[in-house]
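A short worksheet on the structure shown next.
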Amino acid sequence: MPELPEVETIKHGLKPHLERAVVQDVIVRRATLRWPIPDNLKDLLVNQCILDISRRGKYLLFKFITGTLLIHLGMSGRLQLVSTRQPLKPHDHVDFIFSSDKVLRYNDPRRFGAILWTHAPIEDFPLLKSLGVEPLDHEFTADYLKQKACNRHADIKSFIMNSHVVVGVGNIYAAEALFLAKIHPLTPAGHLSHDQLITLVDAVQKTLQAAIRAGGTTLKDFVNSQGTPGYFSQQLNVYGREQLPCVQCGSLLLKIKQAQRTTVFCQQCQI
DNA sequence: ACATTGACCTGGGAGC
DNA sequence: TGCTCCCAGGTCAATG
């Protein structure tokens, strides 16, 4: 479900409600997500105060004195603030209870998500350690991409979706950014000119920032922490628009498969 | 070291 | 109506 803008939207929605809140109870109804949820999660969290909520890639990080809770939403995860009176729905796997009318509820039909805990400094956590740069940080530059892409034969779309290169760019925003940059998605990453890389960095950042401003993209079921959808789908130029006219030139958009993921692009505009 | 593939899961829609 | 097949916003592990 979520790419960087969706996770950022959720983080933004949770911060004012949960920072400095104290966990009263934790209920795990189903502990088998992508990895097992720690079986002592309740002991780790009860009576502990959330000091800070941040994001690294698509991971939400809840900082406590004793360590950090990491939540990844996978493809279908949701985090919503609800009341204890809210009836349970299918796939409501975990509740973090703060008060009778403040429950952080994790729902995930496909269970590709993860809820993990680490006592260690977050930069030492294995899953985060090898992640690439944040796309909205100043280290995400054409020079950085050039150095990473050197001698790479992977196509540029798979390359910018590779979290060891840059985090947070999933299938929707990779396609949108390449359209904005007028770059053909099958171009080998190492073949892009310096000017193209400058354009690409700018396009990724503009796309993500616009999506964050719109509250993320709701294709079918994304909702933020308050239960409202995102509106960036109205601004999608290529994703989900195969066989429809390009907004720039009017020719029909083409759908291909890259690394088992669908890519839609314009053969005329993207060279 | 890099590129490719399979794996993990459920639900919804298309087609028969 | 019901079956089968394919598709979906992610990403790690195993394989060449």
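Every chain is numbered from 1 and lettered A, B, ... according to where its sequence line falls, protein lines coming before strand lines. These numbers come from the heavy atoms of this one structure, side chains and all, not from hydrogens, waters or symmetry mates.
- Applying the 4.0 Å criterion to OP1 and OP2 of dA8(C), one finds that T262(A) has a side-chain N or O inside that range.
- Panel note: side chain K15(A), backbone I53(A); a donor-acceptor pair is recorded below 3.5 Å.
- Rounded to a whole angstrom, the distance from the P atom of dG11(B) to that of dC12(C) is 25 Å.
- When the P atom of dC2(B) is taken as reference, atom NZ of K148(A) falls 8 Å away, rounded to whole Å.
- Side-chain nitrogen and oxygen atoms of R152(A) include at least one within less than 4.0 Å of the OP1 or OP2 phosphate oxygen of dC2(B).
- Here N107(A) contributes atom CG and D221(A) contributes atom CG; the two are 9.0 Å apart, rounded to the nearest 0.5 Å.
- F222(A) has its CZ atom 20 Å from the C1' atom of dG12(B), to the nearest Å.
- One atom, CE of M161(A), and another, P of dG9(C), lie 8 Å apart when rounded to the nearest Å.
- Side-chain polar atoms of E176(A) and T207(A) form no donor-acceptor pair below 3.5 angstrom.
- Among the heavy atoms of the strands, none lies under 4.0 Å from Y173(A).
- Computed from coordinates, the L186(A) CG to dA3(B) P distance equals 14 Å when rounded to whole Å.
- Q260(A) has its CD atom 13 Å from the C1' atom of dC12(C), to the nearest Å.
- When heavy atoms are screened at a 4.0 angstrom cut-off, K255(A) is found touching no nucleic acid atom at all.
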Quick one: the dot-bracket string of DNA chain C, using Watson-Crick and G-U wobble pairs with both distances under 3.5 Å, [ ] for crossing pairs and | for bases paired to another strand.
.|||||||.|||||||
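- Nucleotides dG6(B) and dC6(C) have their P atoms positioned 14 Å apart, rounded to a whole Å.
- The side chain of H153(A) contributes no N or O atom lying less than 4.0 Å from OP1 or OP2 of dT4(B).
- Residue N171(A) has its side chain nearest to dG9(C) when only dT10(B), dG9(C), dC12(C) are considered.
- You'll find the ring centres of F222(A) and F232(A) outside the 6.0 Å limit.
- Where N162(A) and R34(A) meet DNA chain B, the nucleotide closest to each residue was compared, and N162(A) sits on the side nearer the 5' end.
- Using bins of under 30°, 30° to 60° and over 60° for the plane-to-plane angle, the ring pair H153(A)/H191(A) lands in the perpendicular bin.
- Using a 4.0 Å cutoff on non-hydrogen atoms, the parts of residues 108-120 of chain A near DNA chain B are P109(A), R110(A), R111(A), F112(A), ordered by number.
- Remark: C1' of dA3(B) and NZ of K157(A) are 16 Å apart, rounded to the nearest angstrom.
- The listed nucleotides are dG6(B), dG10(C), dG9(C); the one nearest the side chain of H72(A) is dG10(C).
- One finds no side-chain N or O of K220(A) lying less than 4.0 angstrom from the OP1 or OP2 phosphate oxygen of dG12(B).
- Between the CZ atom of R105(A) and the CD atom of Q80(A) there is a distance of 9.5 Å, given to the nearest 0.5 Å.
- Going from atom CG of L219(A) over to atom C1' of dG12(B) covers 14 Å, rounded to whole Å.
- Formation of a donor-acceptor pair under 3.5 Å by the T187(A) side chain with backbone atoms of I156(A) is not found in this model.
- Summarising the geometry, atom CD belonging to Q147(A) is positioned 12.0 Å from atom CG belonging to L197(A); distances are rounded to the nearest 0.5 Å.
- Residue F96(A) is tested with D25(A), L41(A), L18(A), L81(A) for a side chain to side chain contact (heavy atoms under 4.5 Å, CB included); the sole match is L41(A).
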Starting from the C-alpha separation in whole Å, work towards a yes-or-no answer on side chain to side chain contact (heavy atoms under 4.5 Å, CB included) for R29(A) and D92(A).
CA-CA 8 Å; R29(A) 300 183 189 83; D92(A) 279 342; 4.3 Å; yes
Where do Q268(A) and S251(A) land on the side-chain hydrogen bond (donor to acceptor under 3.5 Å, both in side chains) test, with the steps shown first?
CA-CA 7 Å; Q268(A) 299 300 317; S251(A) 66; 4.8 Å; no
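- Rounded to whole Å, the separation between the C1' atoms of dG9(C) and dA3(B) comes to 23 Å.
- Taking atom P in both dC7(C) and dT5(B), the straight-line distance is 15 Å, to the nearest Å.
- In this entry the distance linking CD of E3(A) with P of dG9(C) reads 8 Å, nearest Å.
- The phosphate of dA8(C) (OP1 or OP2) has a side-chain N or O of K257(A) nearer than 4.0 angstrom.
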